[in-house]
A.B. asks: 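Below you'll find the structure I mean.
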There are 2 protein chains.
Amino acid sequence: MKEVLPVFNSAVSIDCVLFGFDGGELKILLIERNEEPFKDWWALPGNLVGVNESLDQSALRILHELTGLSDIYMEQYYTFGEVNRHPQGRVITVAYYAMLRLGGDKALKPLTSYAKRAQWINVKDLPKLGFDHQHIFDKGLEKIKRRIKHLPIAFELLPEKFTLTQVQHVYELILGKKLDKRNFRKKILSFGVLKELDEKQKGVSFRAATLYKFDKRKYAKLFGKAISF
Amino acid sequence: MKEVLPVFNSAVSIDCVLFGFDGGELKILLIERNEEPFKDWWALPGNLVGVNESLDQSALRILHELTGLSDIYMEQYYTFGEVNRHPQGRVITVAYYAMLRLGGDKALKPLTSYAKRAQWINVKDLPKLGFDHQHIFDKGLEKIKRRIKHLPIAFELLPEKFTLTQVQHVYELILGKKLDKRNFRKKILSFGVLKELDEKQKGVSFRAATLYKFDKRKYAKLFGKAISF
DNA sequence: AATATAAGGTGTATTAATTACACTAAGTAA
DNA sequence: TTACTTAGTGTAATTAATACACCTTATATT
């Protein structure tokens, strides 16, 4: 316990909604909690903001501690501050989202005992989440639905080289509806941020698709150009 | 002083960016502070979140206390959490914006001694603001620029009855550029949320324009329809 | 080798939205 | 009556969005 000015009576936390794409499915990263409250429940990776950290820094640290992941670009999207959202006191939480490519390589390893484990879980099959995390997730999904129409973020979910069909799948999963193949390709290519490679998909039965790469330099020029399906 | 868990070591505040339109100018509501830090400086209306208030409730209370205004629809847009943004400790602030119609009627009267006065100030002529409030304002302006293209909020700035030229002025002020009159009218009317009245502007020299009214019922149907100039 | 399978890849016509652009009409004031 | 000022209007050209179906190609199977 320590003495503080009476206004310093609340805590601020960060919660992260990380989207990943793997095996044709949209997933999010959850942790299994190892502490009260909600011990043994699944929850979004999150924790308290440190006194000497900005919110952005804090988000990176917390994610790293709970999952082992680093160098993720996360973006703040909303702050949740209902009075009783945390059972142990007033905790206001700032929510971040990110999209990232899942390679089989990166193992998820919590660095603290605060989480038992971290795992990618299909969004179609979410368990019951602790706190108000289902609500925070729902808002995050809404956010990226709007966001993906302004293009870029879908590529962050894909491996470095990908096929157009994979891109379309990501869009369909996030938007929750089927898109027309020809129109999709026309549109996505018209943004001019994809580089066609001289290379084909490997290890697939049936005809291999051409691989593409995301061109960051060209992407930087886009601003507010919208995509509408 | 009181004893708390060591994690309760930060404070959360609200800051409000209120836009108004008056005399053909875009204005925001500022207070002149009557307390340290930044005593005698202009700042956004803002204060600490109470322990038993949600963020939204808190925003309404704070605005009311500092300006006398009530029944304002405000929307949260970003949370600012740089470590040293407040000179007296760690204070994370949740920013809200709103747009509202200025009638000469509503007097601004702070209900606490925390502010000396509240005043509408032309955004073209902003004084130096305390804290990081210039930054918070800049982000708020960016936000409504994006927002106004999805239509509705501009009408909240106007009186109940208005002319199309007034609407266009609001758009031009917010977007910071001139728009074509014919295209603007075609577009704004195509949304179908304006009702033409059987009434003309009064008290103007030169030809009086037709007055319009905003139709809330029709507006509720719009969803994600974008406006692009 | 032939065949079946499954995904890859492509084009056009229709409709809707956006942009660019300039004059006449109406009311007020002198 | 005239001068002034803002209101109000339409069309053509361009660009973007949508709807829609077939052939191609690589692999796997017989």
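The basis for the numbers below is simple: all heavy atoms, side chains too, and nothing from hydrogens, waters or symmetry mates. Lettering follows sequence order; numbering is per chain, from 1.
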A.B. asks: For B:S205 and A:L164, find the nucleotide of DNA chain C closest to each by heavy atoms; which residue's nucleotide sits nearer the 5' end?
C.D. replies: A:L164
A.B. asks: Classify the ring geometry between A:Y219 and A:F214 as parallel (under 30°), tilted (30 to 60°) or perpendicular (over 60°).
C.D. replies: tilted
A.B. asks: Can you find an N or O donor on one side and an acceptor on the other, under 3.5 Å apart, linking the side chain of A:R207 with the base of C:dG8?
C.D. replies: yes
A.B. asks: Taking atom CD as the centre, does B:Q119 end up with more than 12 heavy-atom neighbours from other residues, nucleotides or ligands that are less than 6.0 angstrom away?
C.D. replies: yes
A.B. asks: Quick one: on DNA chain D, does B:Y212 or A:K200 contact a more 5' nucleotide (nearest heavy atom)?
C.D. replies: B:Y212
A.B. asks: In whole angstrom, give the distance that lies between atom CG of B:L179 and atom P of C:dT19.
C.D. replies: 10 Å
A.B. asks: Taking atom P of C:dG8 as reference, at what distance in whole Å does atom NE2 of A:H169 sit?
C.D. replies: 8 Å
A.B. asks: Within this structure, what is the CG-to-P distance between A:D180 and C:dT10, rounded to whole angstrom?
C.D. replies: 14 Å
A.B. asks: What integer distance in Å separates B:R182:CZ from D:dT6:P?
C.D. replies: 18 Å
A.B. asks: Please report, rounded to the nearest Å, how far the C1' atom of D:dA19 is from the NZ atom of A:K181.
C.D. replies: 15 Å
A.B. asks: What's the CD-C1' distance between A:Q168 and C:dG8, to the nearest Å?
C.D. replies: 12 Å
A.B. asks: Is a donor-acceptor pair below 3.5 Å formed from side chain A:K186 to base C:dT12, judging by atom type as modelled?
C.D. replies: yes
A.B. asks: A:S190 side chain N/O closer than 4.0 Å to the phosphate oxygens (OP1, OP2) of D:dA16?
C.D. replies: no
A.B. asks: Which part of the nucleic acid, if any, lies within contact of A:T163, taking any heavy atom under 4.0 Å across all strands shown: a base, the sugar-phosphate backbone alone, or nothing?
C.D. replies: nothing
A.B. asks: Reckon B:T210 has a side-chain N or O less than 4.0 Å from the OP1 or OP2 of D:dA7?
C.D. replies: no
A.B. asks: Side chains of B:Y73 and B:E75: any donor to acceptor distance under 3.5 Å?
C.D. replies: yes
A.B. asks: Please state how far atom CG in A:L197 lies from atom C1' in C:dG9, giving the value in whole angstrom units.
C.D. replies: 17 Å
A.B. asks: Scan side-chain atoms only and decide if A:T165 and A:R185 contain a donor-acceptor pair under the 3.5 Å cut-off.
C.D. replies: yes
A.B. asks: Rounded to whole angstrom units, what separation is found between the NZ atom of B:K187 and the P atom of D:dG8?
C.D. replies: 21 Å
A.B. asks: B:N183 side chain: which of D:dT9, C:dA20, C:dT10 is closest?
C.D. replies: C:dA20
A.B. asks: Of the options D:dT9, C:dT10, C:dA6, whose atoms approach the side-chain atoms of A:F206 most closely?
C.D. replies: C:dA6
A.B. asks: Which word best sums up how the rings of A:Y77 and A:Y97 line up, parallel for under 30°, tilted for 30 to 60°, or perpendicular for over 60°?
C.D. replies: tilted
